[in-house]
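Predicted model only: the values in this text are computed from it and were never measured.
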Amino acid sequence: MLHDWAAHVERVEGTATMGLWVGSEVFNGWRVVAVVGELDFDTVPMLATRLEEDVTGGWAVLDLGGVTFMTSAGLALLLEWHRRLAEKGGALRIAAPQAQVLRLFALADVVHVLDVRGTTQEACG
């Protein structure tokens, strides 16, 4: 079972009113990046930097279980990484998104584009 992300996340400074926390580890050969907080225009560049640093192979899971809000900027980042890893012969899987994030996926009609899994363990299987 994956570590308790709440105990193993690193704080990435956000704006004065909100923050973004990111944790990362390898599990079953997949780079798992867990995100806690809000993904919006202000915080997406910070996550993008972390993905550049941590996702060096072709297989990644983005655990969105702790994401409470996401804008189109966050969605654009997910789609970019989906494309980048697919071009390398790898894959990006999205794990445990909350209802509001799933609603954004549905509104943007990308539910069938992104590989969405219920849990991180399932995504790494």
Side-chain angles (χ1 to χ4, degrees):
M1 185 160 176
L2 288 176
H3 297 294
D4 176 12
W5 284 108
H8 296 286
V9 292
E10 295 178 23
R11 177 150 190 186
V12 178
E13 293 301 323
T15 64
T17 58
M18 67 185 97
L20 183 71
W21 293 265
V22 180
S24 177
E25 73 176 2
V26 175
F27 184 74
N28 281 352
W30 290 79
R31 169 59 66 180
V32 178
V33 179
V35 183
V36 177
E38 298 184 355
L39 274 175
D40 59 21
F41 184 77
D42 291 324
T43 60
V44 162
M46 293 171 243
L47 178 58
T49 298
R50 186 64 186 265
L51 290 171
E52 288 287 346
E53 294 170 354
D54 289 0
V55 181
T56 56
W59 306 95
V61 172
L62 200 53
D63 182 342
L64 300 182
V67 173
T68 57
F69 177 77
M70 182 188 295
T71 66
S72 59
L75 179 59
L77 180 65
L78 270 59
L79 291 170
E80 175 189 347
W81 274 87
H82 168 79
R83 178 193 54 77
R84 286 173 67 169
L85 294 180
E87 286 176 355
K88 292 169 73 171
L92 173 68
R93 291 181 178 170
I94 307 300
Q98 294 189 26
Q100 55 271 44
V101 173
L102 286 173
R103 190 170 349 172
L104 175 62
F105 292 174
L107 289 171
D109 198 24
V110 297
V111 173
H112 300 293
V113 173
L114 297 171
D115 186 353
V116 179
R117 307 293 176 104
T119 67
T120 302
Q121 290 83 357
E122 180 185 340
C124 293

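Between Cys124 and Val61, the shortest heavy-atom distance links the atoms SG-CG2, 3.9 Å. Nearest approach of Val33 to Val55, heavy atoms of both residues: CG2-CG2, 4.3 Å.
Side-chain atoms of Gln98 come within 3.5 Å of backbone N or O of Gly65 as a donor-acceptor pair. Side chain of Arg31 to main chain of Asp54: a donor-acceptor pair is present (N/O by atom type, distance under 3.5 Å, no hydrogens or angles). Distance alone, capped at 3.5 Å, places no donor-acceptor pair between the Thr120 side chain and the Asp63 backbone. With Gln100 contributing its side chain and Thr68 its backbone, the two residues share a donor-acceptor pair below 3.5 Å.
Contact annotation: the side chain of Met46 never approaches that of Thr49 to less than 4.5 Å [non-hydrogen atoms, C-beta and beyond]. At least one side-chain heavy atom of Met70 sits under 4.5 Å from a side-chain heavy atom of Leu78. Proximity of Leu20 to Glu38: side-chain heavy atoms (C-beta onward) are nowhere separated by under 4.5 Å. Side-chain contact between Glu52 and Trp81 is present, with at least one heavy-atom pair separated by less than 4.5 Å.
Sorted by first then second residue, the salt bridge (charged side-chain N to carboxylate O under 4.0 Å, His left out) pairs that include residues 91-110, not counting sequence neighbours, are Arg93-Asp115.
Shown here are the side chain to side chain contact (heavy atoms under 4.5 Å, CB included) partners of Glu87, two or more places apart in sequence or in another chain: Arg83. Evaluation of the side chain to side chain contact (heavy atoms under 4.5 Å, CB included) rule for Val116 yields Ile94, Pro97, Leu102, Phe105, Leu114 as partners, not counting sequence neighbours.
Leu51 and Leu85 end up in the same hydrophobic cluster when Ile, Leu, Val, Met, Phe, Trp and Tyr side chains are linked at under 4.5 Å. Follow the hydrophobic side-chain contacts under 4.5 Å out from Phe69 and you never reach Val67; the two are in separate clusters. Placement of Leu79 and Leu107 in two distinct hydrophobic clusters is found when ILVMFWY residues are connected by side-chain heavy-atom separations under 4.5 Å, directly or transitively. At a threshold of 4.5 Å between side-chain heavy atoms, the hydrophobic network of Ile, Leu, Val, Met, Phe, Trp and Tyr places Leu104 and Phe41 in two separate groups.
Expressed to the nearest 0.5 Å, how far CZ of Arg84 lies from CG of Leu77 amounts to 9.0 Å.
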Worked check of side-chain hydrogen bond (donor to acceptor under 3.5 Å, both in side chains) between Thr71 and Asp40: CA-CA 5 Å; Thr71 66; Asp40 59 21; over 6 Å; no

